[in-house]
Q: 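First, the structure itself, so that you have it in front of you.
What you see below is based on every heavy atom in this structure, not just the backbone, and it leaves out hydrogens, waters and symmetry mates. Proteins get letters first, then strands, A, B, ... in listed order; numbering begins at 1 in each.
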Number of protein chains: 2
Amino acid sequence: MESYSHPPFNITIQAVRTVSRQFANTTTLLHETIARQAGLSPTDLKYLELIIQKGQMTAGELAHLTGLTTGAITGLIDRLQKKKLVKRQYAKDDRRKVFIVPITANTSRILEPLTHPQSEKILRHLQSFDEGELLTILHFFNGINEANLSAIHQISRAKGGQGATL
Amino acid sequence: MESYSHPPFNITIQAVRTVSRQFANTTTLLHETIARQAGLSPTDLKYLELIIQKGQMTAGELAHLTGLTTGAITGLIDRLQKKKLVKRQYAKDDRRKVFIVPITANTSRILEPLTHPQSEKILRHLQSFDEGELLTILHFFNGINEANLSAIHQISRAKGGQGATL
DNA sequence: CTGATTGTCTTAGTGGCTAAGATATGGTAT
DNA sequence: ATACCATATCTTAGCCACTAAGACAATCAG
C-alpha cells in the first residue's frame, strides 16, 4: 500500500497550492519590510528595482511599463532623486526626454545589508537540491508564470484594459 | 582547488531565482488585475481574502493581523460592507466588539468567474507532475517560506518593529 | 460607585495617485 | 523660415486610503 508512505495525490496538489500562495504572501511581506527598513515605500522600491533591472529608460517608458500616469512618474523620480538613488539625465538628441539613470552603488549600499543574509540562506536551500529537482522547480514556475501572464492579459482585455506591462 | 564547478548547476540555480521572482511579480500583478476587475482595490481584496481565510474576527484582531490602524480598519469594513461582502455583527458578550463576518456567497459570485479558468489551468499544470516531483516543489516552498518569515522577523526587529503578522 | 482600561469610531492632516492642462521641444508641410 | 501639430515631461487640483490622536461607549477592578 503506497498510501501508507505517500499522501494521496490530490492532497499533495492542494498542499502545493497552499504553500505557493504563502510564498507569494511572505515574499510580498518581506519586500515591504525591506522597503520600510530602507526608508522607501514598497511601491517606490518596486519601481526602483524595475529601473535597475531594465536599465536606464525615459520617464514615458517607465510610465507605460508601470501603468502609472506621467504625473505620478514625476513624483516617483523626485522622491528617488532626493534620496540619490536615481538621477535625471536629459537626452542630447531630444531635450524633451529625460532618462532615469539608476545610481546602483547607492541602492546597493542601502539594500545589500538587508537582503544579503536572506539571499545566502536561499542559495544554500537551493544547493540542497540536485540538478533534476531544480529543473522540476523551474518547469513548475515556467508553467505558472505563463498561465498568470495569459490570465492577466485575458482578464484585462475583458473590460477596461489598462495596467502595468511588467 | 575550486575545480568542482558544475557549469550548468549554478546557471540552473540562477534560473530558479529568476523565475521565482517572476512568479511573485506575475502573481501580484494577477491579483491586482482581478481586484480591479472585481471593483476592489488590491489591498481591499487582499484583506477580504484574509477575513475569509481566517474566518470571522473582530476589528481589533484584523488591525493587529494586518498592521493597519483601527481607523483604517473602520474604513476598510465600511467599503466592504457597502459592497455587501462583509457585515458587522456586534458581540453579545461584549458590545464594544464588532465581528467582521464575511459574506462568502457574494464574494464568490464576483471572484469565481475571474479566477476559475486560471485555477483550472494551474490544476492541470500540477497534475502533469508526479507525486515525487510535487513533494520536491513542496519542500522547495517550505524552505523559502521559512526563510522569508525569519528574515521578516529579523529585519523588523532591527528597527521599528511594526507591521503585519500575516 | 469610581476610575482605569478596552474596543471601535471620528477627525485632522499627509502622501501618492489620477485627470487635465501647461510648458517646452521636435517634426512636417508649405 | 513659418505655422501648425505632435510628443515628452511637469504642474495643478482634487481624491482617497492611510496615520495619529483623541472621543465615545462598554467593561473591569477595587
Side-chain angles (χ1 to χ4, degrees), chain A residues 28-29 32-33 35-36 38-48 50-51 56-83 85-101 160-164 166, chain B residues 29 32-33 35-36 38-48 50-51 56-83 85-101 159-164 166:
Chain A
T28 302
L29 192 52
E32 287 171 7
T33 306
R36 192 169 41 233
L40 294 168
S41 73
T43 57
D44 281 8
L45 176 56
K46 179 171 139 192
Y47 297 139
L48 175 59
L50 183 66
I51 294 165
Q56 90 175 187
M57 70 184 82
T58 67
E61 286 165 359
L62 184 58
H64 180 253
L65 219 58
T66 59
L68 295 180
T69 60
T70 61
I73 294 296
T74 298
L76 170 68
I77 303 173
D78 286 347
R79 292 191 299 277
L80 293 178
Q81 194 173 37
K82 200 182 305 183
K83 293 186 158 68
L85 301 177
V86 305
K87 61 182 172 186
R88 283 181 166 88
Q89 191 168 287
Y90 298 89
K92 291 196 199 86
D93 61 320
D94 182 346
R95 292 200 330 227
R96 293 169 305 177
K97 287 186 181 171
V98 47
F99 281 105
I100 310 163
V101 182
Q162 61 172 344
L166 308 178
Chain B
L29 192 52
E32 287 172 8
T33 305
R36 192 170 42 235
L40 295 168
S41 73
T43 58
D44 281 7
L45 176 56
K46 178 171 139 193
Y47 297 137
L48 175 59
L50 183 65
I51 294 165
Q56 89 175 190
M57 71 184 84
T58 67
E61 286 165 358
L62 184 58
H64 180 253
L65 219 59
T66 59
L68 296 181
T69 60
T70 61
I73 294 297
T74 298
L76 170 67
I77 303 173
D78 287 347
R79 292 191 298 277
L80 292 178
Q81 194 173 36
K82 200 181 306 181
K83 293 186 158 67
L85 301 177
V86 304
K87 61 182 174 188
R88 283 182 166 87
Q89 191 167 286
Y90 297 89
K92 291 196 196 84
D93 62 320
D94 182 346
R95 292 196 331 226
R96 293 168 305 177
K97 288 186 181 172
V98 47
F99 281 104
I100 310 163
V101 182
K159 224 171 68 177
Q162 62 171 342
L166 308 178

Q: From NE2 of His64(A) over to C1' of dT9(D), roughly how many Å is that when rounded to an integer?
A: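 Taking NE2 of His64(A) and C1' of dT9(D), I get 17 Å after rounding.
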
Q: Hey, can you pull the donor-acceptor pairs under 3.5 Å for the side chains in residues 58-65 of chain A, sequence neighbours left out?
A:
residue, atom, partner, partner atom, Å
Thr58(A), OG1, Glu61(A), N, 3.2
Glu61(A), OE1, Thr58(A), N, 3.1

Q: Which of these, Asp78(B), Leu76(B), Ile77(B), sits in a side-chain contact (heavy atoms from CB on, under 4.5 Å) with Leu80(B)?
A: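 With Leu80(B) as partner, side-chain contact (heavy atoms from CB on, under 4.5 Å) holds for just one option, Leu76(B).
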
Q: What distance separates Leu85(B) CG from Leu48(B) CG, expressed to the nearest 0.5 Å?
A: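 That separation rounds to 5.5 Å.
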
Q: Would you mind reading off the distance between Leu76(A) atom CG and dT9(D) atom C1', rounded to a whole angstrom?
A: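 After rounding, the gap between these two atoms is 14 Å.
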
Q: Rounded to whole angstroms, how far apart are CG on Asp78(A) and P on dT9(D)?
A: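 Rounded to the whole Å, the gap is 13 Å.
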
Q: Return no unless some side-chain N or O of Arg88(A) is found under 4.0 Å from OP1 or OP2 of dA8(D).
A: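 No.
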
Q: Just how far, in rounded Å, is C1' of dT6(C) from CD of Glu61(B)?
A: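 For the pair Glu61(B) CD and dT6(C) C1', the rounded distance is 13 Å.
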
Q: Output the rounded distance in Å from CG (Leu68(A)) to C1' (dA8(D)).
A: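 That distance rounds to 16 Å.
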
Q: Whole angstrom is fine here: how far is it from CD1 in Ile73(A) over to C1' in dT11(D)?
A: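 In whole Å, dT11(D) C1' lies 15 Å from Ile73(A) CD1.
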
Q: From the set dC10(D), dC9(C), dT19(D), return the single nucleotide nearest to any side-chain atom of Thr70(B).
A: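 Of all the options, the side chain of Thr70(B) is nearest to dC9(C).
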
Q: I need the residues from residues 90-99 of chain B with at least one non-hydrogen atom less than 4.0 Å from DNA chain D; give them sorted by number, or say none.
A: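 Listed by number, they are Asp93(B), Asp94(B), Arg95(B), Arg96(B).
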
Q: When the axes are fitted on five pairs at both termini, how much does the helix from dC1(C)-dG30(D) to dT30(C)-dA1(D) curve, in 10° steps?
A: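 Taking the rotation axis at each end, their angle is 10°.
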
Q: Nearest nucleotide by nearest heavy atom, which residue falls closer to the 5' end of DNA chain C, Asp44(A) or Ala59(B)?
A: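 So the residue in question is Ala59(B).
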
